[in-house]
2 protein chains.
Amino acid sequence: MEEIRLTPTSYIVLGLLEQEEDVTPYDLKAMVAAGIGNLWSLQHTQLYAEPERLTKAGYLTETREDGGRRRKLYSITAAGRDALHAWLSKEPDDELPEVRDIGLLKVFFGADPGPIALKLAQAHRVKLREYEALEQTLAGTEPAGPLTALRAGLGHEREWVRYWSGLAGEDDAR
Amino acid sequence: MEEIRLTPTSYIVLGLLEQEEDVTPYDLKAMVAAGIGNLWSLQHTQLYAEPERLTKAGYLTETREDGGRRRKLYSITAAGRDALHAWLSKEPDDELPEVRDIGLLKVFFGADPGPIALKLAQAHRVKLREYEALEQTLAGTEPAGPLTALRAGLGHEREWVRYWSGLAGEDDAR
DNA sequence: TGAAGCATGTAATTTGTTACATGATTGG
DNA sequence: CCAATCATGTAACAAATTACATGCTTCA
């Protein structure tokens with residue numbers, strides 16, 4: 001049993017596996033795409049590597065399908081649940097997220113904001129509409145976490161639309 | 001002369017070196033902290049590794065101080081400028097940034113938002129005040145890029161304060 | 001029935017982080 | 001003049017991305 005450091009990637013995998021058993025990396029890919037991936041996306045290859053790491057450390061068990069391709073199926077262990085819940089209830093630190101937007105980086109270093117703003121205002125409008133639709137779907141469902149997190153995404157998408165629209169010399173109407 | 005892939009880290013170094021010559025990694029660290037680091041921070045060790053990479057590829061030149069510690073001094077080359085400007089004026093893609101906030105990740109997976117919200121609302125208020133002060137400093141200066149980028153940061157900090165204050169059951173007064 | 005694209009995975013490479021270390025400077 | 005902290009860097013390690021590869025479905 002190896003000691004490993006748990007990263008955000010680890011917690012995403014643990015969090016998803018807490019909800020469902022006997023999950024393949026491919027299933028994980030779909031689960032990520034369905035929700036958390038909006039907030040924190042992962043490459044599909046990480047969804048092969050990370051469960052392996054977590055298994056070595058005792059947080060997951062790995063079994064094989066009987067027939068067919070004998071794909072790997074992962075499930076969370078008690079130790080995995082413990083680690084997840086310990087993290088969820090740990091005293092929060094006050095680490096702030098960074099913006100890390102490529103377009104903004106270019107603007108910082110002197111790029112003409114116009115074309116960037118046009119493109120990104122449009123892209124954020126699309127994303128905003130997608131979130132608004134998702135909000136309808138999630139409204140009133142349990143657990144509440146995904147909806148609460150989504151509302152942060154909504155706020156930031158609105159802010160991005162406001163910001164880039166202003167720079168593009170448009171109004172921000174949709 | 002080696003081929004290398006230019007990453008955001010590369011462009012940050014190139015962008016900073018366009019403004020000044022004969023810069024040590026330590027200087028770079030200070031330059032990052034003074035501005036772009038708010039948007040996109042780098043570990044100090046990357047500021048040793050990255051200029052070396054860029055030098056091998058012909059985008060920078062490396063010289064040595066005469067006396068003392070004979071520290072390494074970097075300056076941008078014509079090829080470096082070209083690469084930077086090509087990037088700055090390239091047709092923008094519409095890649096959207098992700099939020100990647102640890103607190104929000106916890107909320108998504110079911111953590112109690114209360115304590116997280118309290119802590120982060122406070123931290124974002126502090127950051128917001130810092131940005132407001134910076135805005136005063138930058139107002140009217142040239143080049144305009146840093147101020148324009150800062151205004152995005154201001155908008156998002158306000159949005160974070162609004163969001164987390166709401167979840168903390170505070171009003172968002174400062 | 002064959003092409004397109006989805007599903008599934010491995011391996012190599014590159015990037016970024018952490019750990020460690022030591023010389024210089026400065027405030028108390 | 002001592003402790004703290006800033007300045008400066010290297011090396012080892014871990015993580016994430018990219019490249020590659022191949023089996024399976026489906027539908028034209």
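A note on names: the letters A, B, ... follow the listed sequences, proteins ahead of strands, and every chain is numbered from 1.
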For this session: Among D:dT18, C:dT17, C:dT8, find the nucleotide with the atom closest to the side chain of B:Arg5.
Result: D:dT18
For this session: Identify which nucleotide among C:dG16, C:dT10, D:dA16 has an atom closest to any side-chain atom of A:Thr7, counting heavy atoms from C-beta outward.
Result: D:dA16
Problem set entry | Position toward the 5' end of DNA chain C (nearest nucleotide), A:Lys72 or B:Ile4 | A:Lys72
Seminar exercise, completed: Per atom distances to the A:Arg71 side chain, the nearest of C:dG9, D:dT17, D:dA15 is C:dG9
Exercise. Checking side-chain contact (heavy atoms from CB on, under 4.5 Å) against B:Leu54, which of B:Ile76, B:Leu14, B:Thr77 comes through?
Worked result: B:Leu14
Exercise. Reckon A:Thr24 touches a base, only the sugar-phosphate, or nothing at all at heavy-atom distances under 4.0 Å?
Worked result: nothing
Seminar exercise, completed: B:Arg100 CZ to D:dA15 C1', in whole Å, measures 12 Å
Problem set entry | Separation of D:dA14 C1' from A:Glu52 CD (nearest whole Å) | 15 Å
Problem set entry | Value in whole Å for how far the C1' atom of C:dT18 lies from CG of B:Leu42 | 16 Å
Exercise. Does the side chain to side chain contact (heavy atoms under 4.5 Å, CB included) test come out yes or no for A:Ser10 and A:Val13, once each step is laid out?
Worked result: CA-CA 5 Å; A:Ser10 312; A:Val13 170; 6.0 Å; no
Exercise. What class does the angle between the rings of A:Trp164 and A:Trp160 fall in, given that below 30° is parallel, 30 to 60° is tilted and above 60° is perpendicular?
Worked result: parallel
Exercise. Any ion pair linking A:Arg100 and B:Glu98 (charged N to carboxylate O, less than 4.0 Å)?
Worked result: no
Problem set entry | Nucleotide of C:dT15, D:dA15, C:dT8 approaching A:His44 most closely (side-chain heavy atoms) | C:dT8
Seminar exercise, completed: From the candidates C:dT8, C:dT15, D:dG9, the one with an atom nearest any side-chain atom of A:Lys29 is C:dT8
Seminar exercise, completed: B:Pro25 has its side chain closest, among C:dG9, D:dT17, D:dG9, to D:dG9
For this session: Describe the nucleic acid contact of B:Thr45 in one word from base, sugar-phosphate, nothing, applying a heavy-atom distance below 4.0 Å.
Result: base
Exercise. Can you check the A:Gln46 CD to C:dG9 P distance for me, whole Å?
Worked result: 17 Å
Exercise. Separation of B:Gln43 atom CD from C:dT15 atom C1', in whole Å?
Worked result: 12 Å
